[in-house]
Amino acid sequence: MATRKLRLGVLASGGGTNLQSIIDNCQEQKIDAEIVLVLCNNPDARALERAEKADLPHLCINHRDFSDRQSFDQAVVAALREADVELVVLAGFMRIISEVFLEAFPQRIINIHPALLPAFPGLHVQRKALEYGARFSGCTVHLVDNGIDTGPIILQAVVPIFADDDEASLSARILEQEHIIYSQAIQLFAEDRIQIVGRQVKISGAKATDETLVNPTF
Ligand code: GAR
């Protein structure tokens, strides 16, 4: 009997490498999910080409065609509902989500952020981590709430920062982990293992790592 698949709507604004990793993991049946809609706010997003190539339903809703955030979000919500989306996956989607959107998919919108939240929310965070002199960075998958990168944390991956890193090298190291943990988080939803209690996310059957890291070594 075929496994029931979680219906994903993936929203992207740019390159779409996270989208690509989710496409690949769905196709290879590494996750019990299917992408039923790829939606971009930017007509030039490479993510649209990736969706086209993978033969996935895709749509551009250009935010510039709307006079305010709410009306743009209403159009996005209508498209996601039309496609019967169960989990909304923001994958490099560079728009702030309004209440209209949040209320349409309560606790069913997730985002990936290229830093260890709550450190470095917002934009250009790999550069900010370098400028700050942080020894570690990483990525965070979290639920979206009405703040900027403030929602309950689902999974995080940590990477070291090296003395000779620049923004590009650190971003690439983080991105590699994004491609792993985003699909892992989606699978947790597919297996219905996520429970949200206040600002904490409980994952049934999960246990914390006992690995401790120190950077640098000397
Ligand atoms: C990723 O690093 C993602 O974490 C980040 O944008 C990049 C998109 O890359 N998202 C944010 O900064 C959200 N605030 P991709 O288009 O290749 O997946």
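Start at 1 with the first residue, then count along the sequence. As the structure lists them, so they are numbered: ligands from 1, and atoms in each ligand from 1.
From the protein, the heavy atom lying nearest to atom 16 (O) of ligand 1 is Gly16 N, 2.7 Å. In terms of protein heavy-atom proximity, atom 8 (C) of ligand 1 is nearest to Gly92 CA, 3.7 Å. Nearest protein neighbour of atom 11 (C) of ligand 1, counting heavy atoms only, is Met94 CE, 3.5 Å. Taking atom 9 (O) of ligand 1 as the reference point, the nearest protein heavy-atom neighbour is Asn18 ND2, 4.1 Å. Looking only at heavy atoms of the protein, atom 14 (N) of ligand 1 is closest to His113 ND1, 4.0 Å. Here the protein heavy atom with the shortest distance to atom 5 (C) of ligand 1 is Pro114 CD, 3.9 Å.
Atom numbering of ligand 1 starts at 1 in the shown order; those under 4.0 Å from a heavy atom of Glu178 are 1 (C), 2 (O), 3 (C), 4 (O). Close approach of ligand 1 to Gly15 (heavy-atom distance below 4.0 Å) involves ligand atoms 16 (O).
Among residues at least two apart or in separate chains, ring-ring contact (aromatic ring centres under 6.0 Å, His included) pairs with a member in residues 58-81 are Phe66-Phe72.
Every side chain to side chain donor-acceptor pair (under 3.5 Å) that Gln156 has, sequence neighbours left out, goes to Thr140.
Salt bridge present: Asp165 and Arg173 bring a charged side-chain N and a carboxylate O closer than 4.0 Å. Between Glu99 and Arg69, no side-chain nitrogen of the basic residue sits less than 4.0 Å from a carboxylate oxygen of the acidic one, so the salt-bridge criterion is not met.
For Thr17, a nitrogen or oxygen atom sits less than 3.5 Å from a nitrogen or oxygen atom of ligand 1, counting backbone and side chain alike. Looking at Asp149 next to ligand 1, no N or O pair under 3.5 Å apart turns up.
Counted within 6.0 Å of CG on Asp55, heavy atoms from surrounding residues, nucleotides or ligands total 12 or fewer; the atom is thus considered open. Summarising the local packing, CD of Glu28 is surrounded by more than 12 heavy atoms from other residues, nucleotides or ligands at distances under 6.0 Å.
Minimum interatomic distance between Ile23 and Ala54 (heavy atoms only, all atoms of both residues): CG2-CB, 3.8 Å.
At a heavy-atom distance under 4.0 Å, only side-chain atoms of Leu175, from C-beta outward, approach ligand 1.
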Practice prompt. Go through the steps to decide whether Arg108 and Phe189 satisfy the test side chain to side chain contact (heavy atoms under 4.5 Å, CB included), and finish with yes or no.
Written response: CA-CA 9 Å; Arg108 299 299 282 183; Phe189 279 93; 3.5 Å; yes
